[in-house]
Amino acid sequence: MSEPRTIMTAKEMARTLERLASEIIERRGEEGALVLVGIQRRGVDLARRLKKLLDARLSAPTLFGMLDINLYRDDWSNLGISPTISSTDIPAGIEGATLILVDDVLYSGRTTRAALEAILDFGRPRRVELLVLIDRGHRELPIQADYVGKRVNTASHERVDVLVAERDEQDKVLLRAKA
Amino acid sequence: MQWKHKDLLDISQLSADEVRHVLATAAYFREINSRPVKKVPTLKGRSVVLFFAEPSTRTKTSFDMAGKRLSADTFALAKSGSSLTKGETLKDTALTLQAMNPDGIVIRHGSSGAAQFLAERLECSVINAGDGRHAHPTQALLDALTLSRRWGGDFAGKTVLILGDIAHSRVARSNVLLLNLLGANVRLCGPRTLLPPRLDTWPVTVFSEVAKAAQGVDAVMCLRLQLERQQAGLLPDLREYARTFGLSPRHMALAAPGCCVLHPGPINRGVEIDSGLADSAESLILEQVENGVAVRMALLYLYLTRKSPDAAQSGIPV
Amino acid sequence: MPENNKPQQAKKIDLAVKSALWLGPLKSQAKASSQKGSQPGSQLGKMQQPKGQLVDVLVARGRIVSVAPVGSLDVHAAKEIDARGLLLLPSLTDVHTHLREPGQEYKEDIASGLCAAAFGGFSNLLCMANTRPVNDTASVTEFMLEQARKSWPDGPRLFPIGALTKGLRGEELAPMADLKAAGCMAFSNDGRPVASTELFRRAMEYCQDLGRVVIDHCEDPWLAPAAGVNEGEVSSRLGLAGQPDIAEAIQAARDVLLAEYLGAPIHLAHISCEKSVAIIRMAKARGVDVTAETCPHYLTLTEDEVAGYSSSAKVNPPLRPRSDVEALLDALADGTIDMLATDHAPHAAHEKEVEFDAAPCGISGLDTALATSWELVRAGKLPFGAFLRAWTTAPCQRFGLPVNTFAPGDPADFLLFDQDATWVVDPQTMKSKGKNTPLLGRTLRGRVVAHFLAGKSIV
């Protein structure tokens, strides 16, 4: 097995998040309510950081929520274990707002599909967008991100691990062979 | 955590870590129950048979709601509607149910050991919703969730009094096991005629006077008194029972500050519990009902999505 | 006891069993010993299993001619059997069985019950009256005896027990003189104990006139009757309504007090607990004409067998804690409990495969009784003499049955027993139709290799 390769350093990650925040502001300006919803678990950490960046630059604070999509999975029959369920907390006021789903890696698209289904159980946003730190390709569903931190060419036998300081003591993105 | 049990028959099967996992999972499911759309597609396409050979409205409804909120299809098989009354044995009922290939069966039955009997003969998960006087593990878990929320998850050093008809109570048996597992002290109090034999072999302290039993306790679980105990010669009358063993505000005054009251329902107001007390701020009775749905959702989730044999090795693709 | 004690002169020997291991004393060596010889148990007392000696057994016209050290007799027999490596035992007597015929032949019938008895080592069988119809009329008794004659003409011998009350209902006395004339050897309401002490008293008096012993199943009719599980640690944990041991002891006390008051005999069935033992011990010390039996399962199994709601261990009276097992072993060794019986209670598989509450009580015992009780002898928990007394002389004396003490003239009812042969208890190895035993699947040591009844080979 080859050594894991760093495809994004801590510094690069910080810069990337800055850029993504700028893109959001550029695209949307100040119009309407904005809700960031992080997908458990590292998408939540990234969404929190983005909220901080946006709040520093926008006059109205961005709403924040988190979503666990495990209950919406479509792959139960393939799973070996029951995933541990994490918190879901969607703020009131997504009705008519622009909602940005935040996830660490976009891969098959199944997580995003589940997240879209979940979100609709909480209300009807005017628009839902997708922001990911890494898009590694290999889509299995017709889904694409509106905001992408970095596109990486990967093989299906490889794995992308996003490490965040909140849980993993450091910011870093690694590409490694699957165990 | 990989859930390794096929069936939930009694608390004695579970480790403390497994119980905590159930409670943690149930805590998240509480959130679903407060959403505008109280339904997730998790168990879409799975079927759960609710086999209630003993009348029970609240437990059956709670399981039914739990299943439906997870998008499972639930099928009720009540005693009056089943062939049990036509002389079919439990074994034949079991085989018939098996042939319908459900993913889980929730059983309530009047005979102790009936859930185990079914579990030994069925491939699908069997969840015990109360068997005779033996066990009612989902009730104990929802009680634990209720207390856990009250106490911030810390049971160590807490003392719980279980009051009333212990002898005939599956709720008491399961709660004694579970509270001990989580590190709480358990006291029992009831008339001698309603206490089980050989309590010296149970991990409990036994009292015969409520006033002494209630001293310094952090929670009181009242048990429902079946009114037929009087005919069975176990009690002189309900008035005397209410006076000597009914929980009243004066007992609460002896308990630890913040002591709360639980009851598995349905309540006989003025018999095992003072009517005002049942409606008081100390009463967590309605929260128990709410937690019941969440706990049963957690259990259905854990037992019905447990390792499927053909895909045991696969990880979780994200 | 031997009524046909012919002089020991040269006669035609029909059967010679050679080089069998016999653990008891030899009676043919001293003439005087044939008098006391009918009570080897009392002679041997608390002896541990003796080393024994190899003997030859000579049989003529169905009776023992001689048992002597190997090679000391030089006779030619019509048939000779090499019994090297096998233990010689007298056939056993079981005073407590349920053979279910007439009426419940799907559980057991007389032919299958006698088959299990023959292979289990029993030559005499008493069967209880709780058949359908109840054995409360002479025609039922005659039917039972006829079924036995037809299926096993050479034995095991069947001795029906008549009902004490009509229909076992505990309301009116059964026609016991008629039943005696038809062949009933004892009377009992087993399975449905007589609640009315007044009626029970009259039954004892009536039986005494007939020279028959009343057998009582001691069970208080109101203290969790037929619960099938002991009231104790296990029932408390499992949430089962248990029966306390006093339910038996209270009735045992009633019975021995009645027996003392009336001067009438009483036999107490399947004693299961220390409290009953204490009552029997006290009664015997006061000279009451009381005998008692216990069963192999009460000596070898405890209430823990019920732990998994195992209905095969549901039996009435129930299996008790270890302390009761120890007390029963002591009582059997010292003679407080006189005899062993199986309480063979066969049931169909589907009847036991139900919720514990709904299952009938009973253990199928004829197939396993000898092996399990011999294990107690082997382990030094039961002296060989007490074993012999409990399975042969005590029951036969009490109920007037033929018994083999290996004295000249005794009926040649004996077994060749391979005490080291192992076998697994399973539906194939069991001869009884009832496979309901907690021993199912377990390996036992000791098998009957040959069984002679009145000199004829029946196994």
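Proteins come first, then strands; the chains are lettered A, B, ... in the order of their sequence lines, and each starts at number 1.
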Asker: I'd like to know if B:K68 pairs up with B:D64 as an ion pair, taking the criterion as any Lys NZ or Arg NE/NH1/NH2 lying under 4.0 Å from an Asp or Glu carboxylate oxygen.
Answerer: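 Here B:K68 pairs with B:D64 in a salt bridge, since their nearest N and O are under 4.0 Å apart.
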Asker: With B:S62, which of B:Q139, B:R296, B:E290 fulfils side-chain hydrogen bond (donor to acceptor under 3.5 Å, both in side chains)?
Answerer: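 Running side-chain hydrogen bond (donor to acceptor under 3.5 Å, both in side chains) over B:Q139, B:R296, B:E290 with B:S62 returns exactly one hit, B:R296.
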Asker: Heavy atoms under 4.5 Å from chain A: which residues of residues 141-153 of chain B carry them?
Answerer: none
Asker: Can you say whether B:K39 sits under 4.5 Å from chain A via the side chain, the backbone, both, or neither, judging by heavy atoms?
Answerer: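 Contact with chain A: backbone only.
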Asker: Does the cation-pi check pass for B:R108 over B:F52, that is, NZ or CZ under 6.0 Å from the six-membered ring centre and within 45° of its axis?
Answerer: no
Asker: Only one of A:L46, A:V44, A:D45 passes side chain to side chain contact (heavy atoms under 4.5 Å, CB included) with A:E166; say which it is.
Answerer: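 Between A:E166 and the candidates, side chain to side chain contact (heavy atoms under 4.5 Å, CB included) is satisfied uniquely by A:D45.
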Asker: Among the options B:L70, B:V37, B:L304, pick out the one with the most heavy-atom pairs lying under 4.5 Å from chain A.
Answerer: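 Of the candidates given, the most pairs with chain A belong to B:V37.
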Asker: Hey, which of A:R19, A:E23, A:E129 is the one that makes side-chain hydrogen bond (donor to acceptor under 3.5 Å, both in side chains) with A:Y147?
Answerer: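 Exactly one candidate clears the test, A:E129.
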Asker: Evaluate the criterion side chain to side chain contact (heavy atoms under 4.5 Å, CB included) for residue pair B:M221 and B:V171; output intermediate values, then yes/no.
Answerer: CA-CA 10 Å; B:M221 291 180 176; B:V171 174; 5.7 Å; no
Asker: Under a 4.5 Å heavy-atom cut-off, does chain A meet the side chain of B:I32, its backbone, both or neither?
Answerer: side chain
Asker: Please set out all donor-acceptor pairs under 3.5 angstrom arising from side-chain atoms of residues 83-91 of chain A, sequence neighbours excluded.
Answerer:
unit_1 : atom_1 : unit_2 : atom_2 : d
A:T88  : OG1    : A:D68  : N      : 3.0

